[in-house]
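Let me begin by presenting the structure, written as structure tokens, before commenting on it.
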Amino acid sequence: MEAEPAMRSGAVVALKPLRAAKTRLQGVPVAYRQHIAWCLASDTIGALAAALDRVVVVSNEPSLATRLHRWGTRVRVVPEGPSLGMNAALAAGARQLADGGMSMVVACVGDLPCLRPVTVRHLVAAAAHHPRSFVADTSGTGSTMLFARGGSLDPRFQGPSAAAHRGSGATALTESDVGPLADARRDVDTVADLLDAERIGLGEATAALFDQRTHRMGRFAPVVIDDPAGEDELVVRTPDGVPYRVEARMLADQHPHMAPGQRLHAALVDDRVLSIWL
């Protein structure tokens, strides 16, 4: 008897344009909020791409295709076009995945910075036993992930979505089914959520916003490139003239030729730059 072919699985993530994302991060400057939103999405998509065959990102954010190039053809960005809303966008992406031969489709929120590929694999294995299943968020009220095996996704995210998914016939996947799920349940809407996520353990992009020694989140500051400090370093200055040295590699992926006078944004702690971006 021939072995059954391995189940192919893909995920869909719907992202708002960064300018409109994470508005509940109260007290966080707009440029920092947008960068945090990108870091959350980057870590989420990276975990999905490492665990699954395909990831479709539905979004009108114009910078995403360039930002996500590191994952090659495994991650595809699809314009949302006229705003569909989260659930319609997820359903559209799910249809693309199903048409592409994915027998397991995963809808995932874009703000799971702790998510680990091994957890995604365990969840897919557990979800294979149900037509539809979901993961509740840390509060138990919302949902972070929804799985559909060979059928309609029927996403019902936003609001009390755990009850909505359960009411639609989806099975809740819990720790007793899968093992530890803190990384898959910790979505981030507020600064308190982000601090809790840091306690659980962050992906690379979001972790760069924190001092790994003290676990403090970096403070935001606009900076300007002053002068090269050497082949591998730049000097940037805050508006009050305080200089900071920055390793050039921190900006290599964003722009290979940074010149004096270039305005940037940074997350700072004490005398160090934790993260820096355009």
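Everything numeric in this text was worked out from a predicted model, so none of it was measured. Heavy-atom basis, side chains included; hydrogens, waters and symmetry copies ignored.
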Of the non-hydrogen atoms in [X] and [Y], which two are nearest, and what is the gap between them?
{"X": "P79", "Y": "N60", "answer": "C-OD1, 3.9 Å"}
{"X": "L115", "Y": "A47", "answer": "O-CB, 3.3 Å"}
{"X": "D43", "Y": "A205", "answer": "OD1-N, 3.0 Å"}
{"X": "L123", "Y": "V135", "answer": "CD2-CG2, 3.7 Å"}
{"X": "A184", "Y": "T119", "answer": "CB-CG2, 4.0 Å"}
{"X": "W38", "Y": "L18", "answer": "N-CD2, 4.0 Å"}

Point to revise | Over 12 foreign heavy atoms within 6.0 Å of CD, Q212 | key: yes
Review point. When you look at CZ of R132, are more than 12 heavy atoms from neighbouring residues, nucleotides or ligands closer to it than 6.0 Å?
Key: yes
Practice item. Kindly work out whether a path of hydrophobic side-chain contacts (I/L/V/M/F/W/Y, heavy atoms less than 4.5 Å apart) joins V191 to L274. Key: no
Check your understanding: Any chain of hydrophobic side-chain contacts (each under 4.5 Å) joining W71 to L15?
Key -> yes
Check your understanding: When the ring planes of W277 and H35 are compared, do they come out parallel, tilted or perpendicular, using 30° and 60° as the limits?
Key -> parallel
Point to revise | Check: F220 ring centre within less than 6.0 Å of H265 ring centre | key: yes
**Study point:** salt_bridge(R272, D270) N-O dist < 4.0 Å
**Key:** no
Check your understanding: If we ignore angles and hydrogens, is there a donor and acceptor under 3.5 Å between the side chains of D137 and S139?
Key -> yes
